[in-house]
Chemist: 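Sharing a structure, written as structure tokens. Questions coming.
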Amino acid sequence: MTEYLIRRILQSVLVLFLVSVISFALMHAAPGGPLMVLLPKSGTQAAILQQEKNMGLLDPLPIQYLHWLGQLLHGNLGYTYKNHVPVGQILWPTVGNSLILMGVSWILSLLIAIPWGIYNSTRAYGLSDNISAAIGYLGFAMPAFWFGILLQEMFSLNLNWFPLSDMHSMNKQGDIGDLIWHLVLPVTVLVLGFLASYLKYSRASMLEVLHMDFVRTARAKGASEKRVIYRHALRNALIPIITVLGLDLPILVSGAVITENVFNWPGMGRLFVEMAFAREYAVLMAISLVSTVFVVIGNLVADILYAVVDPRVQLGKKGGAAA
Amino acid sequence: MKRVRKWLFPIATLSVAGMLVAGCGSNTSSTNNSQNTSSSSQQPKDGGTLTVSTFSDIVTVNPLFIEDDSSGDASQFIYANIYDVDRNGNVVAQPWSLADGAPQISNNGLTYTIKLKPNAKWSDGQPVTAEDVVWTIQTAMNPDTGSVLMSNFDHVKDIKALDDHTVQIDLKSVYAPFLVNLNIPALPSHILKNVPVKQLQKNAYGTDPSQTVTDGPWKWTKWVQKQYLQFDKDPNYWGPAPHIQTIVYKIYADQNTEVQALLKGDVDLDEAVPTTQLAAVQARKNITIINQPGPQFEYLGFNFQASNFPGNFDPFTSEKTRQAIAYALDRDSMVKDILKGVGNPINSPFLLPPVGWTGADDKATHYDYDVNKAKQLLQEDGWTPGPDGILQKDGHKFSFTLLYNTGNSRREQVAAVIQQELQAVGIQATPKGMDFSSLVANNLNPGKFQAVLMGQVLTPDPDVTQLFSSKDFPPNGENMFWYKDSKVDDLLEKAVSTLDKTQRAQYYQQVAEELSQNLPVVFLYQYGLPMAYSSRVHWADADKPEASLQYGYFYHIQNWWLD
């Protein structure tokens, strides 16, 4: 297990390095630059050239990359080009904000979807199953911005029950109750989106397992229905669900740009889009790095969880599910 | 309406497809229907928080490096300008300007002597001195700084402090627009003079509120990046004290989110309401809309460098052809349908009154929408319809690519209209949207395109040398059209070389005549988005916002007050 983890982490470092080289090259290949996004006034061309010099944008790309990498190894994500603000100062708060919004939505969705999906698998095509199917259709079909605007219209502008947007009221920065109050509407939007897929996954994967021979065997040897479902069927049904969750983990930090936009949530999804338009390379690099780290972690956590729920999976051994 | 139970509205809203049509929200219970322009009974009141919305964060408030609107907005609250511009486009010393009265200009027009107010102070208590002004201008002029203000001072030969409160500036030649260039703040030299100029842009001055010493009515107290900036009344402020205690400059995801917040009452001032949302905002009694075009105009620009066209054939070289295009475009309908009435068709690159003082647009040729006239001119110019209906001349099709920037729905729509209307006279225009920075870097800066739909901001000084003079070709100038007309060159030169305003106005009238005949670009309209204010915000008539000045949505904001 330890050996496996070390190998995986070393692989991950390589992945991170490659991703950073490729994203660095790609974003510099896009035309324009951080200082060129505005139509220059007369005579400002010279000024912009000088600014590029002063801000280190005229160095050859490999040098700029090595410079960036060198700083990174010292734990420094670099500075924005336009105003020399430390990237971390911009990035980390948005990562945290996205994590709050997405984390709450995600956990809430799992708490609803998994038990409900299991329940529905035992009573397929019953009322509860049909309701969950309807929610699934709605969640898949309704664009997040649309649902978000509807909720705002109804519960904020008209009923005035919830705030329209933002994380905090201006005069209550940092207040937990205020934060929860602000979370209600965006979380509703995101939960609907998550539920749509998670309900289907958990129901389908349970249904599949429930028809397998070992379940019949369990029943035949006289295990109670409860034991059959939670002890025998569930553990097997969880494997595909874990795969999906592992793949979804990175969105916890990468955020949901559309929902963040509608509710003016200062998260990383919005930051990424804004910084891409502004060609703030250092921030973009940091975002791609953080996202990649979470992709890697997501996969790793999924692999470890396979072993936890299914004792047949032995990490690092031949024939294990680790590949 | 007010009596109807609130819960009915969500249902009504759902049924009309959720657009922003909810005319009556909880806010309508307020009976306040005042239209901001203060009734005489209302006295200015101190205190309160004004929330201003925007859709992008600032970069830096250091005036040497301000290039974006948000940073410019923020700097309006915290700096005093050397001179200010009034509603009629005059450069004047206001009670809140650093200058004490108009400059003394020597008889030869070359030496400006400027007296500064002796009581002006920085937020750290130090006096604002002539040394600060001299340092600011010298630093802006220094090419190593990389300041965008550098070109403001191209004509400056020498600048020095005569005493603590007197600055003398010598110009190389008489240059009338110079005075407008002094509509800038000064920087605190006692804080910055030891920073090497190449390091200034990286300095925390301008990005760290605690290190940004300023001299305006408010001081910058807080920056939560990507969320909001806060400005509080500066206890050290030397000028007439502002009424509003705190200004919050709040960053929203986009213009639509801003409007939602305005409707909700979270925001008091929205500088630019998208026209698609105008009806929803107008339906609110507690929001006042100021519906005048801003200081910018849009144009259809042609390229006069043949190498940009296949076979080196530039279809735009003839004046008659360009006039035909002007006749073929229905600008009135564009203003009515796409701009929702917030715009004026213009015929020259000059501001209309009150800010514009040249009267130039009156002298310009006006092209009414007239398809037959357009067809006739094209025919006279030697264009004949080809087999596919597209005009041809010497075996070349009249076909070109029209560039514009994506993400700007107004330009997207106007580009499509231009395509249709030119199609009707046999010209094939293919609109192509591009990401703005790519467009600027690859096409506009080097002057490589066939035709472009773009906008331009007009300053209170009417000089347009940088746009239309052949001295300003790319890569250094902004005449990306490669337009050359010696008559225009000559008039533009003369117009900046005299300080006599009447004389200048006459020159610009002639420029307008020439440009509107010659049409290096087809002038479309002066445009802008409506400004919206909550009814909490009050001002006297003289202090009301002025749409066609840059930052005019904050015009005389220090005199405004809140309920």
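All values below come from the heavy atoms of this structure, side chains included, with hydrogens, waters and symmetry mates left out. Note that the structure is a prediction, hence the values are computed from the model and not measured. Naming convention: chains lettered A, B, ... in sequence-line order (proteins, then strands); numbering from 1 in each chain.
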Chemist: Given a strict heavy-atom distance threshold of 4.5 Å, which part of A:V262 is in contact with chain B: side chain, backbone, both, or neither?
Modeler: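 The answer is the backbone of A:V262.
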Chemist: Between B:Q225 (side chain) and A:I90 (backbone), is there a donor-acceptor pair under 3.5 Å?
Modeler: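 A pair under 3.5 Å: no.
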Chemist: State, yes or no, whether a side-chain contact exists between A:Q50 and B:D144 at a heavy-atom distance under 4.5 Å.
Modeler: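 Answer yes - side chains close enough.
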Chemist: I'd like to know if B:D435 and A:R279 make a salt bridge, using a cut-off of under 4.0 Å between side-chain N and carboxylate O.
Modeler: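 Looking at A:R279 together with B:D435, the answer is yes, because their closest N to O distance falls below 4.0 Å.
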Chemist: Evaluate the side-chain proximity of B:V148 to A:Q51: yes if any heavy-atom separation is below 4.5 Å, no if none is.
Modeler: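 Answer yes - side chains close enough.
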Chemist: Hey, are A:K82 and B:E67 close enough for a salt bridge, meaning a charged N less than 4.0 Å from a carboxylate O?
Modeler: no
Chemist: With only heavy atoms counted, which part of A:M167 is less than 4.5 Å from chain B, the side chain, the backbone, both or neither?
Modeler: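 Interface part for A:M167: neither.
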Chemist: Below 4.5 Å from any heavy atom of chain A, which atoms of B:V248 appear? Answer side chain, backbone, both or neither.
Modeler: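 The side chain, not the backbone.
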Chemist: Just wondering, do B:K264 and A:S156 contact through their side chains at under 4.5 Å, heavy atoms?
Modeler: yes
Chemist: Under the side chain to side chain contact (heavy atoms under 4.5 Å, CB included) criterion, do A:I149 and B:Q260 qualify, and how do the steps go?
Modeler: CA-CA 9 Å; A:I149 290 175; B:Q260 292 282 62; 4.2 Å; yes
Chemist: Taking side chain as C-beta onward, heavy atoms only, is B:D57 less than 4.5 Å from A:E274?
Modeler: yes
Chemist: Going through the checks in order, is the salt bridge (Lys or Arg N to Asp or Glu O under 4.0 Å) test met by A:D166 and B:K250?
Modeler: CA-CA 10 Å; A:D166 305 328; B:K250 201 159 175 322; 2.6 Å; yes
Chemist: Look up atom CZ in A:F145 and atom CG in B:N256, then write down how far apart they are to the nearest 0.5 Å.
Modeler: 10.0 Å
Chemist: Is it the case that more than 12 heavy atoms not belonging to A:L192 sit under 6.0 Å from its CG atom?
Modeler: yes
Chemist: Tell me, do B:D266 and A:L164 make a side-chain contact under 4.5 Å, heavy atoms counted?
Modeler: yes
Chemist: Take atom NE2 in A:H28; do more than 12 heavy atoms of anything else shown fall under 6.0 Å from it?
Modeler: yes
Chemist: Heavy-atom pairs under 4.5 Å with chain A are the metric here; pick the option from B:E258, B:K198, B:Q227 that has the most.
Modeler: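 Going by pairs under 4.5 Å, I would pick B:K198.
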Chemist: Which atoms of A:N171 are under 4.5 Å from chain B, going by heavy atoms: the side chain, the backbone, both sets, or neither?
Modeler: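 The answer is neither part of A:N171.
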Chemist: Below 4.5 Å, heavy atoms only, C-beta onward: do A:H84 and B:Q201 meet side chain to side chain?
Modeler: no
Chemist: Can you check whether B:A253's main-chain N or O pairs, donor with acceptor, with A:N261's side chain at less than 3.5 Å?
Modeler: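 Absent.
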Chemist: Please examine the side chains of A:Q173 and B:Y228, heavy atoms only from C-beta on, and report whether any two atoms are closer than 4.5 Å.
Modeler: yes
Chemist: Does the side chain of A:M275 reach to within under 4.5 Å of the side chain of B:K226, using non-hydrogen atoms?
Modeler: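 Yes, their side chains come closer than 4.5 Å.
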Chemist: Please classify the contact between B:D208 and chain A as side chain, backbone, both or neither, with a heavy-atom cut-off of under 4.5 Å.
Modeler: neither
Chemist: Among B:I58, B:T257, B:T60, which has the most heavy-atom pairs under 4.5 Å with chain A?
Modeler: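 Heavy-atom pairs under 4.5 Å are most numerous for B:T257.
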Chemist: Please flag which part of B:L200 lies under 4.5 Å from any non-hydrogen atom of chain A: side chain, backbone, both or neither.
Modeler: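 Neither part, no heavy atoms under 4.5 Å.
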Chemist: For residues B:K202 and A:N83, is any side-chain donor paired with an opposing acceptor at under 3.5 Å?
Modeler: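 No, because no side-chain N or O of B:K202 sits under 3.5 Å from a partner of the opposite role on A:N83.
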Chemist: Which atoms of B:T145 are under 4.5 Å from chain A, going by heavy atoms: the side chain, the backbone, both sets, or neither?
Modeler: backbone
